[in-house]
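Scroll down for the structure; my scribbles are underneath it.
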Amino acid sequence: MLHAALSLPGAPAVMGVVETAHAIAAGAVRASDVAAAALARIDAFEGDLHAFLHVDRTGALAAAERVDADRRAGLPLGPLAGVPVHIKDMIAVAGMPLTAGSKMLAGWTPPLDATVVARLRAAGAVLIGKTNQDEFAMGSSNENSAFGPSRNPWDRTRVAGGSSGGAAAATAAGLGCGGLGTDTGGSVRQPAALCGVVGFKPTWGRVSRAGVVAFASSLDQVGTLTRSVADAAALYTAIAGSDPLDATSDPRPVADCAADLTEAKDLRGVRLGVPIEYLDAADGLDAGVRQRIEEALATLAQRGADVRRVSLPHVRFGIAAYYLVCTAEASANLQRYDGVRFGHRAALAPGATLDSLYATSRGEGFGPEVKRRILLGTFALSAGFHDAYYRKACQVRRLVHDDFARALRDCDALVGPTSPVCAWPLGAHAHDPLAMYLMDIFTVSANLAGLPALSVPAAPHPASALPVGLQFVGRAFDEASLLRVAHAFEAARGPCAWPAPAARSE
Amino acid sequence: MIPMEYLSIDSVLHGPFQAPSQASTADRVAHVARLARIELRPEEAAMLGHDLDRILAYVEELRAVDTDAVEPMIHAGDRGLVLRQDVERDGLGAAMATAGAPATEGGAFVVPRVIG
């Protein structure tokens, strides 16, 4: 099994979302034992991984005991009853501190649950804690967390990816069955690829953002990090669907994707497009990653898929367009951190004004990458530069969107690498923001186009044995097809022989 | 410290700032930091100015894309403007809304004196 290497003496083996839910519903294991085992694993691995910013021991055990009591009383159990899950620190959980990885919000506790959290609770899930992330989800390595980076469970000298690096590391190490992240330009899929787990970003509008810290509202989407595609479908089905508290959430009905994945189907009649810009003509794509992706394409073809080359001529401009759009939106969204209503407030100097309170509070509270992006976005929106920067980026975004729309007329999904490289050593790009931005080259376009996308582990890198992620991008609001294709690939790939994480850090 | 002066909206919008080709890196950073209400230490301003120059040079590649007659795409939604029923619902209430604020008094947020 994928994670057998991470076993802890005396503790039950790590189980996924679906497996755990079934075992608890069948009475094979008690929810309180599952929660206690998850907390014991956190105790064993958290010191090395720093995947969490907050662990809610008491709340998790109490929630699990309620599930056991309900089961004893013969009450109906939710589809995720007793499943321990973690929540990225961008997402509000009432009663748990929320920092979004920033000193700006240190010590703040939100008064309400995000809609996605309320839905997980309603489904019976046990919330174990808040996962580490880059500050305000701005980063691709977790090194922008104000509280120190998460480390990669497969090699703790390497990054976990970002921004949902804590969620990916926790999921890979079996600290809970899976969890929620947010994906603005790849922040669920890229860390999933680097940590060897499944990262799923649904269509923009499919999942409510009410109660989620806003970074770039036209791009942000809540997604899942799990150890299998079926687990992704189970969490997704629990959180998806329209929400009166989020006007951007979409009213289209949500298929029960979890029920759809009970058996792996072959891929006969499925047309998969490989963007030449993501493989054949991709600059900076690691040779070992390329090899594993090409092998994965062969596997898909063996399963009956019609694998063909397509072209997305404008995606090479995706990074530039993305980093203008997301920073422009961030500069507006992050205006709310003003030292008045919540978060860090600077000490008032004599003669302080409201303006100087804003400026000093923000100067003290935000870290360097957040300042960099707010300044870039402010510039892109400023008088005299709006048309040349922000508007131009939105026009290029339209062309990227139209490239995908054209390709997805003739293909059921697109497929290629998630990240051009495997997890890199901590610190390798920490002082070069542009090099870090280029790590998102294959993921940002799905956000620009608003499309659902998923990263699933391919075979590990031939030289380093580090995880490699295979990315699928599907049609808007057709998550069901995307999950079916990824599920078929996962079954064809078979279990991966991953290295034991504990053996790699010495 | 970069001086933080906010004389008027007009001075912010039409301040002593020129096009990027003419403006110095330091002027550009000082201008946008003022607009964004972020106080920067001098060494921080120098670092961020250097980074912004590099990033803006990179995004120049967008100029090569022919976008004549291309409608800007602001988001991926296809439903136009969404309205909800104008019905009353409970808010947080003053106590809960101010519970996480750094300075409060009598259920209100405390700020420096705004009106003289």
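Computation of the quantities below employed the complete heavy-atom set of this structure, encompassing side-chain atoms and omitting hydrogens, waters and symmetry-equivalent molecules. Worth saying up front: this structure is predicted, and the values here are computed from it rather than measured.
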Chain A heavy atoms under 4.5 Å from B:I74: which part of the residue, side chain, backbone, both or neither? both
Given that the side chain runs from C-beta out, which part of B:L52 has a heavy atom under 4.5 Å from chain A: side chain, backbone, both or neither? side chain
Contact origin within A:L334 toward chain B - heavy atom pairs under 4.5 Å: neither
Distance from A:R341 atom CZ to B:T104 atom OG1, nearest 0.5 Å? 14.5 Å
Check step by step if side-chain contact (heavy atoms from CB on, under 4.5 Å) holds for A:K371 and B:V29. CA-CA 11 Å; A:K371 288 176 182 169; B:V29 169; over 6 Å; no
Given heavy-atom pairs under 4.5 angstrom as the criterion, report whether the side chain, backbone, both or neither of B:R63 touches chain A. both
Could you check whether any side-chain N or O of A:R362 sits under 3.5 Å from a backbone N or O of B:E39, counting only pairs where one atom can act as donor and the other as acceptor? no
For a 4.5 angstrom cut-off between non-hydrogen side-chain atoms, does A:L376 reach B:L56? yes
Region of B:A99 that comes under 4.5 Å of a non-hydrogen atom in chain A: neither
Can you tell which part of A:L438 gets under 4.5 Å to a heavy atom of chain B, answering side chain, backbone, both or neither? side chain
Return the option, out of A:W108, A:F317, A:Y358, with the maximum number of heavy-atom pairs under 4.5 Å with chain B. A:F317
Side chain, backbone, both or neither of A:D250 within contact of chain B (heavy atoms, under 4.5 Å): both
Tell me, side chain or backbone of A:E329 under 4.5 Å from chain B's heavy atoms, or both, or neither? side chain
Taking side chain as everything from C-beta outward and backbone as N, CA, C, O, which of these in B:E61 sits under 4.5 Å from a heavy atom of chain A? Side chain, backbone, both or neither. both
Salt-bridge present (B:R54, A:D432; N to O < 4.0 Å): yes
Between the CG atom in B:D51 and the CG atom in A:L375, the distance rounded to the nearest 0.5 Å is 10.0 Å
